[in-house]
Amino acid sequence: MVNIIWAFLAIVGIVYAMFNGTMDEVNKAIFESANEAVTLSIGLISVLVFWLGIMKIAEEAGILKGLARAFRPIVVRLFPEIPKDHPAIGYILSNITANVFGLGNAATPMGIKAMEQMKQLSGSDEASRSMITFLAINTSSLTLIPTTVIAIRMQYDSISPTEIVGTTIIATLISTLSAIMIDRIFYYRSTWRK
Amino acid sequence: MIFISQVSIWIIPLFIMLVLLVATWRKVPSYELFVEGGKEGVKMAFSLLPFLVGMIVAIAIFRSSGALDAIIGLISPILLFFGVPPEIVPLALVKPISGSAALGVTTELIATHGPDSFIGRLASTMQGSTDTTLYILTVYFGAVGIRKMGYALKVGLLADLIGIIAAIVIVTLVFG
C-alpha cells in the first residue's frame, strides 16, 4: 500500500507538472526536500541518542517493568498477544505517556523500541495484530497539550492561545477511542476470513 | 490549565531524576548503560534517513507540481455540501501524510484568518488532535523492517477521518 501511495505521489506530481508548466518547481523541490529530509534525520540523532540512553538505564533499573505492572490491566486488554511481563509492554506505556505529555520526540524512540520487541515476538516481517493496535493508538495521537499550536497562536496575537486545549483533548479522545474500535473491527474481520 | 502546562515542563527532568535515582539505588552502571543505549540511537537515526528522504521527496513533488492544489479544488465542493469549510480541506488532506507540511498549512490558516476565527480555532484543534499516520507508519515499520503492513494504513486513515469530523463538530459546538 505504501509502495503504491509513494509511487503515485511522485508519478502524478511529475505528470501534472508536464501539463501545468511547473517542472521547474518540481525539479527544485526534489533536491531541496531531499536536503530537508537529511537535515531532519540528522536532527533526530540528538534526541534519539539521549532518550535511548536514558531508556536503557530505565530498562536495566527495572523501571519499565514497574510501569508495565502498574498499568497492566488496561494494556493487557489492548494487547492480548503480548505476554504480561514482556518489556514491549513497558515501551508501549512509555510511548503513550510521552505522547500524552506532548513529548512527541521522546515518544518516537520508545515507540520504535516497542516495535522491535513486538517484532521479536512475532518473528516475521508482517505487521502483527499488536503492532497495528499500537500504530492505531499512535496515529490518533493522545496529546493533552498541543504546545506547537499554542506557540503559533501566541505568535499571531490570539486573545486566548490555550482556548483550543479543551476542544483538542475531546477531539483526541474521540479519535483515539475510534482508532481502537476500528482496529478491533478490522482484526475480527480478518480472523473471520480465515 | 496552569497545572497541566507546569506538569509538561517538569515531567522530563523529574523522569530523568527518577531513572538515575533508581539506577543508583539498585547499583546499575548508569553512565555505561546510557552510552550503550545512545549508540543504538545513532544507528536508528541513520536507518531512518532513507525512509524520510523517500517520503518527503515524493510529497514535495506532489505539492510543488500543483497537483495537491488541483485535488483540493476538485474535492472542496463535495465537502462544502457537508458543511465543511473549504479552507480547511488542504489541512485535512495533508495532515495524515506530512506533519511538517500540515504545520505549515495550519500556520498559514491562522495567519490568514486570525487565531480566534472559526477557521483558526478549527485548524488549531485539528493540528493537535491527530498525528501524521503515514509518517508514523513509515518510521515505526521502517525502523524494524516490517514489509507487510496488513490493515494498519486503513485503520490509521479511518481514525484520522473520524478525528477530523470530531474536530469540526466539537469546534462548531463550542465556538460555533
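In what follows, every chain begins at residue 1, and chains take the letters A, B, ... in the order their sequences are listed. Basis for what follows: all heavy atoms, side chains included, without hydrogens, waters or symmetry-related copies.
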To the nearest 0.5 Å, what is the distance between [atom1] ([X]) and [atom2] ([Y])?
{"X": "A/Ile182", "Y": "B/Leu161", "atom1": "CD1", "atom2": "CG", "value": "8.5 Å"}
{"X": "A/Ser33", "Y": "B/Arg63", "atom1": "OG", "atom2": "CZ", "value": "10.5 Å"}
{"X": "B/Leu33", "Y": "A/Leu52", "atom1": "CG", "atom2": "CG", "value": "13.0 Å"}
{"X": "A/Ile164", "Y": "B/Ile170", "atom1": "CD1", "atom2": "CD1", "value": "12.5 Å"}
{"X": "A/Ile169", "Y": "B/Thr125", "atom1": "CD1", "atom2": "OG1", "value": "11.0 Å"}
{"X": "A/Ile14", "Y": "B/Ser65", "atom1": "CD1", "atom2": "OG", "value": "9.0 Å"}

Do [X] and [Y] come close enough that some side-chain heavy atom pair is under 4.5 Å?
{"X": "A/Asn95", "Y": "B/Tyr140", "value": "yes"}
{"X": "A/Leu135", "Y": "B/Leu153", "value": "no"}
{"X": "A/Thr139", "Y": "B/Tyr135", "value": "no"}
{"X": "A/Lys56", "Y": "B/Phe34", "value": "no"}
{"X": "B/Tyr151", "Y": "A/Arg189", "value": "no"}
{"X": "A/Glu126", "Y": "B/Ile146", "value": "no"}
{"X": "B/Val57", "Y": "A/Phe31", "value": "no"}
{"X": "B/Ile61", "Y": "A/Val12", "value": "no"}

For the residue pair B/Ser124 / A/Arg153, report whether a side-chain donor-acceptor contact shorter than 3.5 Å exists.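 Result is yes, a qualifying pair exists.
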Checklist entry - Can you find a side-chain donor-acceptor pair between B/Asp69 and A/Tyr16 that sits under 3.5 Å? => result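 B/Asp69 vs A/Tyr16: no donor-acceptor pair found between side chains.
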- If you count heavy-atom pairs under 4.5 Å between each of B/Ala167, B/Gly163, B/Ala67 and chain A, which one has the most?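 Ranked by contacts with chain A, first place is B/Ala67.
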Region of A/Tyr187 that comes under 4.5 Å of a non-hydrogen atom in chain B
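Both parts, heavy atoms under 4.5 Å.
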A/Thr133 versus chain B, heavy atoms under 4.5 Å apart: side chain, backbone, both or neither?
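Contact with chain B involves no heavy atom of A/Thr133 at all.
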Part of [X] lying under 4.5 Å from any heavy atom of chain A:
{"X": "B/Val144", "result": "both"}
{"X": "B/Leu173", "result": "neither"}
{"X": "B/Arg147", "result": "both"}
{"X": "B/Val42", "result": "both"}

Report the C-alpha distance between B/Arg121 and A/Glu163 in whole Å, list the side-chain angles of each, state the deciding distance to 0.1 Å, and finish with yes or no for salt bridge (Lys or Arg N to Asp or Glu O under 4.0 Å).
CA-CA 9 Å; B/Arg121 284 162 168 164; A/Glu163 69 180 359; 2.6 Å; yes
message: Is there a path of hydrophobic side-chain contacts, each under 4.5 Å between heavy atoms, that joins A/Val38 and B/Val139?
response: no
**Asked** Would a hydrophobic clustering, with Ile, Leu, Val, Met, Phe, Trp and Tyr connected at side-chain separations under 4.5 Å, put B/Ile136 with A/Leu177?
**Response**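 No, it is not one cluster - the side chains of B/Ile136 and A/Leu177 are not joined through contacts under 4.5 Å.
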| said: Could you check whether B/Glu40 pairs with A/Lys113 (Lys NZ or Arg NE/NH1/NH2 to Asp/Glu carboxylate O, under 4.0 Å)? | reply: yes
Would you confirm whether A/Trp6, through its side chain, and B/Gly54, through its main-chain N or O, come within 3.5 Å as a donor-acceptor pair?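 Flag set: sc A/Trp6 to bb B/Gly54 pair under 3.5 Å.
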(message) I'd like to know if the side chain of A/Asn20 and the backbone of B/Gly66 have a donor-acceptor N/O pair within less than 3.5 Å.
(response)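 Pair absent, no side-chain N/O of A/Asn20 close to backbone of B/Gly66.
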